[in-house]
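Okay, structure first, notes after.
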Number of protein chains: 2
Amino acid sequence: MSCHKLLQTAMRERGFRMTRQRRLVLDAMHKFRHPATAAEILHSVCASDPRADITTVYRTLNFLEGFGLISAYGAGNASRRFEHNGGDGSPHLICRQCGKTSEIAQTGFKNAVANAGRTNGYDVQLSSVVIPGLCPACQRKRTKNKS
Amino acid sequence: MSCHKLLQTAMRERGFRMTRQRRLVLDAMHKFRHPATAAEILHSVCASDPRADITTVYRTLNFLEGFGLISAYGAGNASRRFEHNGGDGSPHLICRQCGKTSEIAQTGFKNAVANAGRTNGYDVQLSSVVIPGLCPACQRKRTKNKS
DNA sequence: CTCCTTATTGCAATATATTGCAATAAGGAG
DNA sequence: CTCCTTATTGCAATATATTGCAATAAGGAG
């Protein structure tokens, strides 16, 4: 893949190495349309390399995040989720209980975020905006447990 | 404490109970000026009740967050931190570089968040909304470093 | 290609956080 | 106050994420 070659060059220039595992994690992330958990990514990587290890997945994800290639979302109880950058750049809602994410498509919301950032002088990346909440399913569970 | 009594009433109305442990956790959080980790809060609670358990601290913190009394900040690799709400329940901008926070006062933004949540069926706690970005100072630093 | 340096991996140990479930206790009813 | 329902607790087990370190392999030098 040409994109891997370009990336490899960029990494080398900074003293990093493009390894088989990093390629596999990147490939796996391209397959997911929604932010994925480390476990999901591991599962996908295992299809190509059964020896893949969760430790390496976590380290690779943290590395790629620092390198600016992916974004990480954390919310409450849910596991962290990772998403490949460069897509639509839409903000998301994330359930702090089960980790389910939903894209926020409303232009009004995007404008409000941009405006809030501008007003306070902050440079905000819309794609990294994650609003924590409780998804419909988890709201029902909570109500049920209470009764 | 009168504030505990008021809170107790509010909880009862929703079918929850004001317990010794919840009181202790709330008291502990009032002592911290900066967001505290669960371990720090446990340590503080243990001063009053050596039998306190980290499980209960976590559950209480999550409960209080859902109740809107405290906010939880998940910051990348670091442990989550919890902070007592000033009562306003405003969303914040947070600098991903230096951690500086700024309150988002605009009603338009709050409405947009509420609307995005409602449209997707999510129950969103406005006080736990944190928008990551780069504060003005860090934007200047970044420009300087780049050259 | 072979040799060499050292970034990266994979395992095991550890840290951080949540869940299942029996025991406890909050608080309403009498 | 006593009785009763059930929310909450505390323990143990489990899930999620990171760290230490020896083994491996990326990739530059010859």
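In the text below, chain A, chain B and the rest are named by the order of the sequence lines, each starting its count at 1.
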Distance test, side-chain N/O of [X] to OP1/OP2 of [N], below 4.0 Å:
X	N	value
A:Arg80	D:dT18	yes
A:Thr37	D:dT16	no
B:Gln21	D:dG10	yes
B:Gln8	C:dA26	no
B:Arg12	C:dG27	yes
A:Thr19	D:dA25	no
B:Arg17	C:dA25	no

When rounded to the nearest 0.5 angstrom, what distance separates [atom1] in [X] from [atom2] in [Y]?
X	Y	atom1	atom2	result
A:Phe109	A:Ile104	CZ	CD1	4.0 Å
A:Ser102	A:His92	OG	NE2	8.0 Å
B:Ile70	B:Leu61	CD1	CG	4.5 Å

Fill in: Any residue of residues 42-59 of chain B with a heavy atom less than 4.0 Å from an atom of DNA chain C
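Contacting residues: B:Thr55, B:Tyr58, B:Arg59.
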How long is the line joining [atom1] of [X] and [atom2] of [N], in whole Å?
X	N	atom1	atom2	result
A:Met18	C:dT6	CE	P	22 Å
A:Arg81	D:dA17	CZ	C1'	16 Å
A:Glu13	D:dG27	CD	C1'	15 Å
A:Arg22	D:dG27	CZ	C1'	13 Å
B:Arg20	C:dG27	CZ	C1'	18 Å
A:Asn62	C:dT9	CG	P	12 Å
B:Arg14	C:dG27	CZ	P	16 Å
B:Met11	C:dG27	CE	P	10 Å

Item to complete: Using a 4.5 Å cut-off on heavy atoms from C-beta on, say whether the side chain of A:Phe82 contacts that of A:Arg80.
Response: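 Answer yes - side chains close enough.
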Item to complete: Identify, with sequence neighbours excluded, every residue that meets ring pair (Phe, Tyr, Trp, His ring centres under 6.0 Å) alongside B:Tyr58.
Response: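 Checked B:Tyr58 against ring pair (Phe, Tyr, Trp, His ring centres under 6.0 Å); zero matches.
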Practice prompt. State whether B:Phe67 and B:Arg14 meet the cation-pi test: NZ (Lys) or CZ (Arg) under 6.0 Å from the six-membered ring centroid, and within 45° of the perpendicular axis.
Written response: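 That pair qualifies as a cation-pi contact.
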Worksheet item: Quick one: does A:Ser44's side chain have a donor or acceptor within less than 3.5 Å of a partner on A:Glu40's backbone?
Response: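 The answer is no, because no donor-acceptor pair under 3.5 Å joins these two groups.
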Worksheet item: Counting any heavy atom closer than 4.0 Å, what does A:Phe16 reach on the DNA or RNA strands: base, sugar-phosphate only, or nothing?
Response: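 Answer is sugar-phosphate: A:Phe16 comes under 4.0 Å of backbone atoms only.
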Worksheet item: Is there a donor in the side chain of A:Thr60 and an acceptor in the side chain of A:Gln21, or the other way round, less than 3.5 Å apart?
Response: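 Distance-only check fails for A:Thr60 and A:Gln21.
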Worksheet item: Quick one: on DNA chain C, does A:Gly15 or B:Ala39 contact a more 5' nucleotide (nearest heavy atom)?
Response: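 Of the two residues, A:Gly15 wins.
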Worksheet entry | For the student: nearest non-hydrogen atoms of A:His84 and A:Met29, plus distance |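 Looks like N-CE, 3.9 Å.
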Discussion item. Please convert DNA chain D into dot-bracket. A pair counts if it is Watson-Crick or G-U wobble with both distances under 3.5 Å; crossing pairs go in [ ] and bases paired with another strand get |.
Written reply: ||||||||||||||||||||||||||||||
Worksheet item: Hey, is NE2 on B:His30 packed in by over 12 heavy atoms from elsewhere, all under 6.0 Å?
Response: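 Yes, because the 6.0 Å sphere around NE2 of B:His30 holds more than 12 heavy atoms from other groups.
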